[in-house]
Amino acid sequence: MMNFSARGAHLETITRKQAVVRLLAILIIAAAVRIHLTVSASVISRDGVQYVSMARDMADDWRAGIPPQLHFGYPLLIRLTHAAVGPLLAGDLLMQWQRSGQLVSLMGGLCCIPLIYLLGRRLFSRRVGMLSAFVWALLPYAARFSADALSDMPHLALVLAGLLFTMSGMSTRAWPHWFLAGLLGGAAYCIRPEGGEVEFIAVVVALLSPRLGPLPRRLIACVAIVCGFSLLGGGYVLAEGRLFSKHLAIFSAVNFRTPFLAGIGGVPKAMLELINELTQTLHGVWLFLAIAWRFIPAKPALRSRRIIAPFLLWMLHAAILVWLHTVRDYISSRHVVLLDVGFVIFACASLARLQTWLSRRSAVSTGLVRRFDLHVAVVLSLATTPWLLADINESRHYIHPAAAWLREHGGNSPQVVSENGWVPFYAGLRRWDACAKIEELPAHSQLASADWLIYDIRHVPPTQITVVPSNVVVSLAEETRFTDQKGSRGVIIYRVGRRR
């Protein structure tokens, strides 16, 4: 049906068949962009190096290569992907592992697009869902994380799928939907501990929603959620012997002897940092449009009953990020992708409302009026093209020459201490020691037996370091350095000498 305004201009509606065709077109565009970013990346991220190295070590010992503070779901997916299609992705063994990690992220990122469409459709309309999927497909940070070897996009896809089944469980009251919500939440939890948010919200909604009927029926829904979660999430608990890894720091890392108000004092700073990350990942404009939604008096209206589960999930996730910042003084752009989804959907709802507002004031139905929201979304998305198509890791092309030098001059099985894993990883080393801060080098016992130290040119260590507790004095002599064309980024490789 067509929606007619009071003055005769009508809005273009989207049929189910049109939605499928357009969604496929969006997926093709998104895949092309992400494949381009995957192939053109100079290197994967530092965390990506760690994930791929973990997966490679799983070939020898499935758990030995995974630090206890990390969940093993994503490295396990890389390991399985490499076993299935690794030789088809590249000729070089190292690149097979890297491409396997990127393929897992790529597929997770593509899966997010139809899930965002479904979420936007449930909350507002089919048109808002389609706009949201289009904007997300061309959002630079979403594309970047999908092209890197990072856990964020597979985790986000599972969280969104679990959220959608939670919402459908509320409307259908069928226990299989609650079971699937728990199952997908458990899968997300195996990748990142934040996946437990889905199960928590699902249980809260199922337990407190009067629409589900009497208390016994709500308890059945809760049991279904827990059983679904336990099938996959319970596997992690059994394998690890604990419920959480590092992110239990939300609770355990808090020094409860510190006055409560001292922790509260860090909340404003954490909230400002959260807003800063959201502004960066959404390029400001989508955040502004999302906020403007509340002040545009037009349709489509928010389906208030359906917003309960997403709203609670977003609020819980934001609260956890704020609390983590008060504990660790750190929030990453990777941490806010779940919140980005909500802001993108509400930003597209604002565009749809602006379209409705214009149609009511237009005496003639023109293509510009009928597709105003799409035109604005296309223009704003194209405006971010320079960020969209840029190298996902800042053109660190100097890493490969440095790695080649280390392969040629490093000797057999060199012992390396590195600020990050890029150079030893691309040099083909299976083992190296990481020390991210110069001030921690004296306490880094592996430095006493190291052959090489690799550090960023912006962080210059002292020429002599006394390593404790062995009291070995090591000397650092710059052997070579590799930089970008401007000389602002690069690495220095030091030869390590020692005396007692």
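For this chain, numbers begin at 1 and follow the sequence in order.
Under the ring pair (Phe, Tyr, Trp, His ring centres under 6.0 Å) criterion, H400 pairs with Y426, sequence neighbours left out. The side-chain hydrogen bond (donor to acceptor under 3.5 Å, both in side chains) check on N276 picks up nothing, with sequence neighbours excluded. Take D148 and apply the side-chain hydrogen bond (donor to acceptor under 3.5 Å, both in side chains) test, not counting sequence neighbours, and it matches S45, N393.
Heavy atoms from other residues, nucleotides or ligands lying under 6.0 Å from CZ of R46 number 12 at most. Other residues, nucleotides and ligands place more than 12 heavy atoms under 6.0 Å from the CD atom of E439. Within 6.0 Å of atom CZ in R458, more than 12 heavy atoms from other residues, nucleotides or ligands are found, so the atom counts as buried in its surroundings.
Minimum interatomic distance between L441 and P461 (heavy atoms only, all atoms of both residues): CD1-CB, 4.0 Å. When all heavy atoms of A157 and G108 are compared, the closest pair comes out as CB-O, 3.7 Å. Here the closest non-hydrogen pair linking A137 and I26 is CB-CG2, 3.7 Å. A pairwise comparison of heavy atoms in A55 and R79 identifies O-CD, 3.5 Å as the closest pair. Minimum interatomic distance between V104 and P154 (heavy atoms only, all atoms of both residues): O-CG, 3.7 Å. Annotation for Q102 and I44: closest pair NE2-CG2, 3.9 Å, computed over non-hydrogen atoms.
Residues F482 and I492 have side chains not in contact (no heavy-atom distance under 4.5 Å, counting atoms from C-beta outward). With a 4.5 Å cut-off on side-chain heavy atoms, I191 and L77 count as touching. Residues M95 and L89 fail the side-chain proximity criterion, which asks for heavy atoms closer than 4.5 Å. Residues E277 and S333 meet the side-chain proximity criterion, which asks for heavy atoms closer than 4.5 Å. Looking at L156 and M153, their side chains come closer than 4.5 Å, going by heavy atoms from C-beta outward. M170 is listed as a side-chain neighbour of W178, based on a closest heavy-atom distance under 4.5 Å. Side-chain contact between P310 and L163 is present, with heavy atoms from C-beta onward closer than 4.5 Å. Between L316 and L312 there is no side-chain heavy-atom pair separated by less than 4.5 Å.
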For this session: For side-chain contact (heavy atoms from CB on, under 4.5 Å), just list the numbers for Y398 and R396, CA-CA rounded to whole Å, side-chain angles, deciding distance to a tenth of an Å, and then say yes or no.
Result: CA-CA 5 Å; Y398 57 85; R396 299 182 188 270; 3.1 Å; yes
For this session: Determine, step by step, whether S53 and W432 satisfy the side-chain contact (heavy atoms from CB on, under 4.5 Å) criterion, reporting the C-alpha distance in whole Å, the side-chain angles of both residues, the deciding distance to 0.1 Å, and the verdict.
Result: CA-CA 11 Å; S53 299; W432 65 87; 3.4 Å; yes
Q | Verdict with supporting geometry, V376 and L354, side-chain contact (heavy atoms from CB on, under 4.5 Å) | A | CA-CA 10 Å; V376 174; L354 284 172; over 6 Å; no
Hey, mind stepping through H325 and E273 against side chain to side chain donor-acceptor pair (under 3.5 Å) and telling me if it holds?
CA-CA 8 Å; H325 189 277; E273 184 62 28; 4.9 Å; no
*asked:* Determine whether W422 and V491 satisfy the following criterion, side-chain contact (heavy atoms from CB on, under 4.5 Å), listing intermediate values before the conclusion.
replied: CA-CA 10 Å; W422 275 316; V491 294; over 6 Å; no
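A donor-acceptor pair is defined here as one N or O able to donate and one able to accept, closer than 3.5 Å; such a pair exists between the side chain of T281 and the backbone of L278. For E199 (side chain) and G182 (main-chain N/O), no donor-acceptor pair under 3.5 Å exists by modelled atom type. At least one donor-acceptor pair closer than 3.5 Å links the side chain of R99 to the backbone N or O of T38. Checked by atom type and distance alone, the side chain of S105 pairs as donor or acceptor with a backbone atom of L150 at under 3.5 Å. Judged by distance alone, with hydrogens and angles left aside, the side-chain atoms of R306 form no donor-acceptor pair with the main-chain N or O of L119 at under 3.5 Å. A donor-acceptor pair under 3.5 Å links the side-chain atoms of D391 to the main chain of S42, judged by distance alone.
For Y74 and H155, the gap between ring centers reaches or exceeds 6.0 Å.
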Distance-only donor-acceptor pairs under 3.5 Å for side chains of residues 343-352, two or more places apart:
| unit_1 | atom_1 | unit_2 | atom_2 | d |
| --- | --- | --- | --- | --- |
| S350 | OG | L289 | O | 2.5 |
| S350 | OG | W293 | N | 2.9 |
| S350 | OG | F346 | O | 3.2 |

Residues 128-135 side chain polar contacts: donor-acceptor under 3.5 Å, at least two apart:
| unit_1 | atom_1 | unit_2 | atom_2 | d |
| --- | --- | --- | --- | --- |
| S132 | OG | V128 | O | 2.8 |

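To the nearest 0.5 angstrom, S151 atom OG is 8.0 Å from D47 atom CG. Here R144 contributes atom CZ and L139 contributes atom CG; the two are 10.0 Å apart, rounded to the nearest 0.5 Å. The distance from the CD1 atom of I116 to the CG atom of L23 is 10.5 Å, given to the nearest 0.5 Å. To the nearest 0.5 Å, atoms SG (C435) and CG (N420) are separated by 11.5 Å. Rounded to the nearest 0.5 Å, atoms CD1 (I457) and CZ (R481) are 6.5 Å apart. Rounding to the nearest 0.5 Å gives a distance of 7.5 Å between NE2 of H177 and OG of S171.
With H335 as the fixed residue, the ring-ring contact (aromatic ring centres under 6.0 Å, His included) test singles out one of Y330, Y141, W323: Y330.
Side chain to side chain, H283 and T384 fail the donor-acceptor criterion of an N or O pair below 3.5 Å.
For the ring-ring contact (aromatic ring centres under 6.0 Å, His included) condition, the pairs that include at least one residue of residues 95-120, sequence neighbours left out, are H82-W97.
A salt bridge does not link K486 to D484: none of the charged nitrogens lies less than 4.0 Å from a carboxylate oxygen. The pair R192-E194 meets the salt-bridge criterion, with a side-chain N (NZ, NE, NH1 or NH2) lying under 4.0 Å from an Asp/Glu carboxylate O.
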